Amino acid sequence: MLQIYNTLTHQKETFLPLDAHHVGLYVCGPTVYDYAHLGNARVYVIFDILNRLLNYIYPTVTYVRNITDIDDKIIQASLTSGNSISEITERTTQAFQEDMKSLGNVSPTYEPKATEHIPEMIKMIQTLIEKGHAYEAEGHVLFQVTSDPSYGSLSRQGLEDMISGARVEIAPYKKDPRDFILWKPSTGDIPGWQSPWGLGRPGWHIECSAMSSKYLGETFDIHAGGQDLIFPHHENEQAQSTCCSNKPFVRYWMHNGYLIVNGEKMSKSLGNFLTVRDLLKKASGDVLRYGLLSVHYRQPLDWTDAGLLQAQNSLCRLYTAMRHAPKEDAASPDLNKEFLSALADDLNTPLALHILHGLASDINKSSSEKEKAVLAHQLKSSGAFIGLLTEDPDVWFQKSPKNCSEKALEGLHIECQIEARNKARQERDFKEADRIRDHLLEAGIALEDAPSGTLWRRLK
RNA sequence: GGCCGGGUGGCAGAGUGGUUAUGCGGAGGACUGCAAAUCCUUAUACGUCGGUUCGAUUCCGGUCCUGGCCUCCA
């Protein structure tokens, strides 16, 4: 039984899908104008876990994650860099998909692009105008907030409160300062599409409404994203969609907490903007993934170098246990029950990781080879379920952390040196044995004399 | 001003009305030629003030501190 915290009701609820055979999940995807940062990564890793879990529980899951490839930030990036818009969006989209893969995320069922759904958006805007929820003004089309009595229900903002915030954009063509843009005119080199209101482009929110209804229907199960999207993005999506269809929009809203860096909000101006790309030079994708999952998704996550090291070491402990257990070629996965119930309890990944550590500990304590193999298989299966522990332990310990060439490694002739050292040990020439070990250690290779033989690993 | 969070041991971070989270790190021990890995033992804890209770870190209220949203943002 899956429990999830619904932003709409502010409480944990039992998840009951509209159709028990087919669950719909929509996650707000990236605006492709720059490399994905760690905050983005957190969203996609967390909801990748949700997608995996839903797929485990239900026969079919449609997971939609859009790509926003028309947006003023992209236009701005094009103007400042001199690169064409398509150049920027194509390169960034590709980089994004590579990053997602490095982090161990499963691809969504659909990754629709905004620019390929302009007709759907136009149609939706027309419907909103017909129904009296939107109006045209000076080439713009605006959503009339006062026409939706439930506006503000998601973010729990009363209309009056929004005015006191007094930071809404004042534009002469707005009937009410809180009204938001569905369509805006494009001039000059700015990309535009023909519409009943002239050449123009969509506002920010309409794409998600249009694409979610196309792929998941007018009412669907789960819509997720970062906490900062609750207002205005998701509030506005909900207003557009419900006013357009006269049906409920989303049944469960899920929002993850912020990622902060060394106690400060991540921003370009502070210079603490961490891209996935840069972090992958310091640590492998599974270490980043472990780090992102080590905090509950609704809590803020403070990313530090110490935390990264801790993730590295924790993962190392799990792999060490697996390495010391006999390998067993079991065909079917064996998921730990407590592990699954931790995940099913509103994605309690820190607790799930604790259970993996418990399994590792049991492996280390067990004196039965058979039991070790069974536990290790369960550890591997459970880890793989959340996209961790997918590698062979020897490979994991011995691979280069920075994906650099293996030439330096080959020059060391590690296996030969281990053999030479073991020969010296047999002859009780410990001075020579230690010399070899120290020599390897200096090169970043640590040795471990296990009962089964000498193992080596790279120091991370 | 409005709306939402959070305050747990050296650090990170779960959880629970009464019993060890876990990981990293520290101390001692076992094992080892010595290490490493592992195991055992151990220290350090629930912001603050009240209330409910036989008993609260856990429930309720006040208070202090702190983060976020209300404008583009995952």
Side-chain angles (χ1 to χ4, degrees), chain A residues 7 10 27-31 33-34 36-47 71-73 76 152 155-169 178 180 204 224-233 235 255-260 263-268 290-291 294-296 298-304 306-318 320-321 323-324 342 345 348-358 360-361 363-367 397 424-426 428-431 433-434 437-438 441 446-451 454-457 459:
Chain A
T7 307
H10 283 241
V27 175
C28 283
T31 301
Y33 71 105
D34 202 353
H37 62 247
L38 198 58
N40 299 315
R42 187 180 190 198
V43 179
Y44 305 128
V45 166
I46 284 295
F47 295 112
D71 181 275
D72 287 0
K73 286 195 291 294
Q76 193 58 42
S155 57
R156 306 210 164 187
Q157 301 265 324
L159 280 176
E160 308 311 315
D161 300 332
M162 286 177 209
I163 293 175
S164 67
R167 285 200 278 179
V168 283
E169 184 193 354
R178 299 161 299 193
F180 59 89
W204 176 31
Q227 244 165 26
D228 50 336
L229 293 183
I230 296 173
F231 191 90
H233 185 52
E235 190 69 65
H255 294 95
N256 68 280
Y258 268 102
L259 184 124
I260 55 181
E264 290 178 309
K265 184 174 173 174
M266 182 163 60
S267 76
K268 284 184 178 175
Y290 189 103
S294 65
V295 176
H296 185 81
R298 283 191 282 117
Q299 296 301 123
L301 165 49
D302 191 1
W303 191 267
T304 59
L308 180 67
L309 186 66
Q310 194 169 304
Q312 173 81 256
N313 289 340
S314 300
L315 203 49
C316 181
R317 184 172 159 83
L318 296 178
T320 300
R323 197 183 204 191
H324 288 281
D345 182 13
N348 193 339
T349 53
L351 189 59
L353 293 175
H354 150 237
I355 289 161
L356 296 186
H357 279 281
S361 190
I363 292 170
N364 293 334
K365 285 180 209 170
S366 174
S367 52
F397 281 111
R425 287 172 73 210
Q426 269 172 11
R428 305 195 69 78
D429 182 359
F430 297 120
K431 203 177 165 188
D434 289 350
R437 185 171 64 194
D438 292 345
L441 197 60
L447 298 187
E448 182 186 327
D449 295 325
T454 301
L455 302 171
W456 68 270
R457 65 187 163 90
L459 294 175

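Every chain is numbered from 1 and lettered A, B, ... according to where its sequence line falls, protein lines coming before strand lines. Side chains included, hydrogens not; waters and symmetry mates left out as well; all remaining heavy atoms used. Predicted, not measured: the structure shown is a model, and the values here were computed from it.
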Under-3.5 Å donor-acceptor pair between A:D434 side chain and B:G33 base: yes
Sugar-phosphate only, base, or nothing, as touched by A:D72 at under 4.0 Å among non-hydrogen atoms: nothing
Those residues that, when tested against A:H357, pass ring-ring contact (aromatic ring centres under 6.0 Å, His included) (two or more places apart): none
Contacts of type side-chain contact (heavy atoms from CB on, under 4.5 Å), residue A:D302, not counting sequence neighbours: A:I260, A:T304
A:T454: side-chain contact (heavy atoms from CB on, under 4.5 Å) partners, not counting sequence neighbours: A:I418, A:R421, A:N422, A:R425, A:L447, A:D449
Nearest-angstrom distance, C1' atom, B:U41 to B:U57: 26 Å
Short side-chain N/O contact from A:Y258 to OP1 or OP2 of B:C69, under 4.0 Å: yes
Stem list, RNA chain B (Watson-Crick or G-U pairing under 3.5 Å, at least 3 consecutive pairs): B:1-7 with B:64-70, B:10-12 with B:22-24, B:26-30 with B:38-42, B:47-51 with B:59-63
Sugar-phosphate, base or nothing in reach of A:G225, heavy atoms under 4.0 Å: sugar-phosphate
Under 4.0 Å protein heavy-atom contact, by nucleotide of nucleotides 36-42 of chain B - B base, S sugar-phosphate only: BSSSS--
Set of ring-ring contact (aromatic ring centres under 6.0 Å, His included) partners for A:Y44, sequence neighbours left out: A:F96
Sugar-phosphate, base or nothing in reach of A:R437, heavy atoms under 4.0 Å: base
